[in-house]
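Read the structure below first, then the notes.
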Amino acid sequence: MSTEFSFIILTLNEEQHLPKLLESIAGLSARTFVLDSGSTDKTIQICEHYKVITAFNVFENHPKQWNVALNLFEINTPWVIGLDADQVITPELFQLLLTFKNEHHLNINGIYFNRKNIFKGKWIKFGGYYPKYLLKMFRYNVGYSDLNENMDHKFQVTGKTIIWKRGHLLEENLKENHINFWIEKHNRYSDLLAIEEIERMQFLRKSPLKPNFWGSPNERNASLKELWWKLPHYTRPILYFSYRMFLLGGILDGKTGVIYHFLQGFWFRLIVDIKIEEKLNDLKKTKTVPQLRLYRNDEYLRFLFLFPTLFLVLYFFNLAFIGFTIPGGYYIQFLDQYLNYINLWRYFNITTTANVLNKLGYEVYIDTNRLHVQGRAGFILVYSCLGYGILSLFGAFVLSYPKTLKNRLIYLTCGVFVFQLLNITRFVLTALYWKPAPLFLKINSHEIFNWTIYAIIAISTYLWLNDKKIKP
């Protein structure tokens with residue numbers, strides 16, 4: 001009998017799945033426990049055949065059932081593996097477990113397994129479903145069931161974790177081959193999820209993890225959920241389904257995969273939002289509706305409309321202004337002579353760059369749109385080099401995001417200053433060191449600068465959005 005780990009499995013009428021799972025782990029010689037919630041098929045007989053220790057508990061939801069299982073059974077191994085009955089250990093994962101030694105993992109408290117999800121016989125490979133890391137193995141009395149979740153169960157653990165990318169859990173619920181079962185199950189789940197989200201609106205639930213997009217899989221998932229809860233109802237299922245289908249390649253999963261992404265990523269999420277609205281309407285009648293969080297949802301709906309609108313206004317205003325101040329076409333002399341901020345902006349960049357180069361001891365020649373360094377290189381400063389497109393995007397996002405006006409103005413000012421500083425630095429380096437790149441590279445300093453700026457904006461904006469000191 002293994003002295004390294006034990007298995008715990010939850011069951012309810014799992015005669016179709018349980019033999020496959022138990023066969024896949026039989027060679028590990030690990031004690032196996034099953035917490036059943038009232039099976040009426042051959043589940044218990046199968047457990048007896050495989051000499052599995054069983055117990056009974058009335059099912060309320062998965063997190064609570066796992067919590068009971070972790071506290072009910074007598075576990076005498078340092079590690080526990082929690083599996084669903086419709087999961088199977090692959091041979092590669094079997095080998096990792098077969099050679100597992102606690103003494104080699106003394107500084108580790110949790111291990112993530114890589115899951116392959118199968119729907120109607122089709123491996124769902126895209127749409128964010130692979131790789132999918134689940135915390136399934138953890139130290140007993142260190143790992144625990146997250147009771148702050150009502151439906152989307154997960155184990156949590158403090159301390160260091162690792163990921164086993166090699167080897168997989170295969171998860172295939174054969175009952176879901178009949179669509180009625182899938183719909184009925186997710187209809188029940190939607191009730192649990194709607195109740196959970198309303199309780200979060202009332203600040204009755206809080207994740208035990210600090211959301212961190214760059215952290216462990218559980219921390220990253222917590223950060224994405226934080227974003228999900230902030231998005232407006234009815235809009236977020238559309239955004240999520242589009243994100244999974246196109247940005248994450250869900251459309252590449254074929255007919256069966258597209259059906260799955262539609263059902264799980266759109267239909268189910270839409271049903272949850274409908275039920276949230278229904279339950280909130282019931283709360284309104286009792287005057288206990290959580291007004292504060294509802295107002296925040298309205299603000300995010302306003303943001304989703306205002307952000308692209310403001311970006312288009314800023315971007316095309318600059319384009320139109322450039323068109324009105326260039327002789328020919330729709331030229332307006334008054335704008336060109338007295339209000340031409342574009343030319344002033346370009347003049348500022350050229351003269352500032354020239355002053356920096358002069359301070360460094362170089363001889364510089366400039367005119368309205370050119371700069372040349374004696375014995376070095378130079379550049380022609382066209383309008384696109386000013387960065388009005390990037391600044392329009394950045395400004396529109398910051399000004400429309402629902403934070404206090406003071407915080408937005410400070411971040412916007414700092415962002416514009418840093419952008420301008422980096423742009424001047426680029427001009428100085430271009431004037432001193434520019435050389436034509438080989439044709440096969442097909443890149444230039446302008447593209448490199450743009451991608452650098454976008455990366456800086458993305459990172460700084462993420463930090464700004466997640467700064468707990470800044471009040472929303």
Side-chain angles (χ1 to χ4, degrees), residues 1-98 100 111 113 115-118 134-141 143-147 151 153-155 167-178 181-182 184-185 188-189:
M1 191 66 64
S2 172
T3 59
E4 306 295 336
F5 53 80
S6 303
F7 287 100
I8 299 180
I9 304 167
L10 301 186
T11 59
L12 173 63
N13 295 329
E14 297 292 354
E15 66 176 7
Q16 195 173 7
H17 300 116
L18 194 56
K20 295 179 182 179
L21 170 56
L22 295 178
E23 281 294 330
S24 72
I25 64 176
L28 296 171
S29 300
R31 293 187 75 194
T32 303
F33 304 87
V34 165
L35 183 60
D36 189 72
S37 50
S39 294
T40 55
D41 62 359
K42 297 179 180 179
T43 296
I44 302 301
Q45 293 93 310
I46 293 170
C47 290
E48 292 172 350
H49 174 75
Y50 284 91
K51 295 181 174 55
V52 170
I53 301 169
T54 62
F56 168 79
N57 187 67
V58 176
F59 185 88
E60 185 175 346
N61 62 37
H62 280 94
K64 291 183 178 179
Q65 193 77 347
W66 276 114
N67 183 62
V68 171
L70 290 173
N71 290 280
L72 177 64
F73 295 115
E74 283 190 29
I75 307 296
N76 55 18
T77 55
W79 291 80
V80 174
I81 301 173
L83 298 177
D84 298 328
D86 57 358
Q87 294 175 332
V88 173
I89 299 287
T90 61
E92 295 84 2
L93 184 54
F94 180 92
Q95 287 299 318
L96 289 173
L97 293 172
L98 188 63
F100 178 85
I111 301 175
F113 293 174
R115 184 197 69 178
K116 285 185 177 181
N117 190 71
I118 300 171
L134 305 177
L135 183 65
K136 286 294 188 177
M137 186 171 180
F138 48 87
R139 289 192 176 278
Y140 183 58
N141 284 333
Y144 59 94
S145 177
D146 186 359
L147 296 178
M151 185 280 295
H153 166 259
K154 65 176 63 65
F155 296 115
H168 296 85
L169 275 180
L170 297 184
E171 182 173 320
E172 181 179 18
N173 192 331
L174 297 174
K175 301 174 187 176
E176 293 181 354
N177 289 341
H178 299 283
F181 176 86
W182 196 97
E184 290 170 4
K185 183 178 82 169
R188 296 193 305 271
Y189 285 177

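Heads up: numbering here begins at 1 and tracks the sequence. These numbers come from a predicted model, not from an experiment.
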- Interatomic spacing from NZ in Lys20 to CD in Glu23 - rounded to 0.5 Å: 12.0 Å
- Item | Pairwise side-chain contact, Thr90 with Leu169, heavy-atom cut-off 4.5 Å (strictly under) | no
- Checking Asn13, Thr11, Asn57, Thr43 against Asp36 for side-chain hydrogen bond (donor to acceptor under 3.5 Å, both in side chains), the one that qualifies is Thr11
- Indicate yes or no: at least one non-hydrogen side-chain atom of Phe181 is less than 4.5 angstrom from one of Asn173. yes
- Message: Between His168 and Leu93, is there a side-chain heavy-atom distance shorter than 4.5 Å?
- Response: no
- Task: Measure across Ser24 and Ile89 and return the closest heavy-atom pair with its distance rounded to 0.1 Å.
- Result: OG-N, 3.2 Å
- Taking the side chain as every heavy atom from C-beta outward, state whether Phe73 and Arg31 have any pair of such atoms under 4.5 Å apart. no
- Task: Would you indicate whether Glu74, at its atom CD, is surrounded by more than 12 heavy atoms from other residues, nucleotides or ligands within a distance under 6.0 Å?
- Result: no
- Evaluate the ring planes of His153 and Trp66, with Trp represented by its six-membered ring, and classify them as parallel (under 30°), tilted (30 to 60°) or perpendicular (over 60°). parallel
- Query: Which heavy atom in Ala30 sits nearest to a heavy atom in Ser2, and how many Å separate them?
  - Reply: CA-CB, 3.9 Å
- Task: Decide side-chain contact (heavy atoms from CB on, under 4.5 Å) for Lys116 and Leu170; before the verdict, give the C-alpha distance in whole Å, the side-chain angles of both, and the deciding distance to 0.1 Å.
- Result: CA-CA 5 Å; Lys116 285 185 177 181; Leu170 297 184; 3.7 Å; yes
- Is there a side-chain contact between Leu98 and Leu28 (heavy atoms, below 4.5 Å)? yes
- Message: Has His17 got a side-chain atom pairing as donor or acceptor with Leu174's backbone, closer than 3.5 angstrom?
- Response: yes
- Which distance, rounded to the nearest 0.5 Å, do you find between the CG of Leu21 and the CD1 of Ile9? 4.0 Å
- Task: Test Phe33 against every option in Val52, Ile75, Thr54, Val80 by the side chain to side chain contact (heavy atoms under 4.5 Å, CB included) rule and name the one that passes.
- Result: Ile75
- Query: So Phe155 and Phe138, would you call those rings parallel, tilted or perpendicular, with 30° and 60° as cut-offs?
  - Reply: tilted
- Task: Please report the C-alpha distance between Leu18 and Tyr50 in whole Å, then the side-chain angles of each, then the deciding distance to 0.1 Å, and finally whether the side-chain contact (heavy atoms from CB on, under 4.5 Å) criterion is met.
- Result: CA-CA 10 Å; Leu18 194 56; Tyr50 284 91; over 6 Å; no
- Message: Within the structure provided, determine whether Lys154 and Leu134 are in side-chain contact (heavy-atom separation under 4.5 Å).
- Response: no
- Would you check if the side chain of Thr77 reaches a backbone N or O of Trp79 as a donor-acceptor pair within less than 3.5 Å? yes
- Under 3.5 Å, side chain of Glu15 to main-chain N/O of Lys42, donor-acceptor pair present? yes
- Note on the structure: The reported gap from CD in Gln65 to CG in Leu35 (rounded to nearest 0.5 angstrom) is 4.5 Å
- Query: What is the distance from atom CG of Leu147 to atom CG of Asn67, rounded to the nearest 0.5 Å?
  - Reply: 4.5 Å
- Query: Any donor and acceptor pair, going by atom type alone, linking the side chain of Thr40 with main-chain N or O of Gly38 inside 3.5 Å?
  - Reply: no
- Is a salt bridge present between Glu14 and Lys175, judged by a nitrogen-to-oxygen distance below 4.0 Å? yes
- For Phe59 and Leu12, run side-chain contact (heavy atoms from CB on, under 4.5 Å): C-alpha distance rounded to whole Å, both residues' side-chain angles, the deciding distance at 0.1 Å, then the answer. CA-CA 9 Å; Phe59 185 88; Leu12 173 63; 5.9 Å; no
- Could you check Ile81 against Ile8 for side-chain contact (heavy atoms from CB on, under 4.5 Å), going step by step and ending with a plain yes or no? CA-CA 6 Å; Ile81 301 173; Ile8 299 180; over 6 Å; no
- Query: Hey, is the main chain of Gln87 close enough, under 3.5 Å, to the side chain of Asp84 for a donor-acceptor pair?
  - Reply: no
- Note on the structure: Here the gap from Phe94 atom CZ to Ile25 atom CD1, rounded to the nearest 0.5 Å, amounts to 9.5 Å
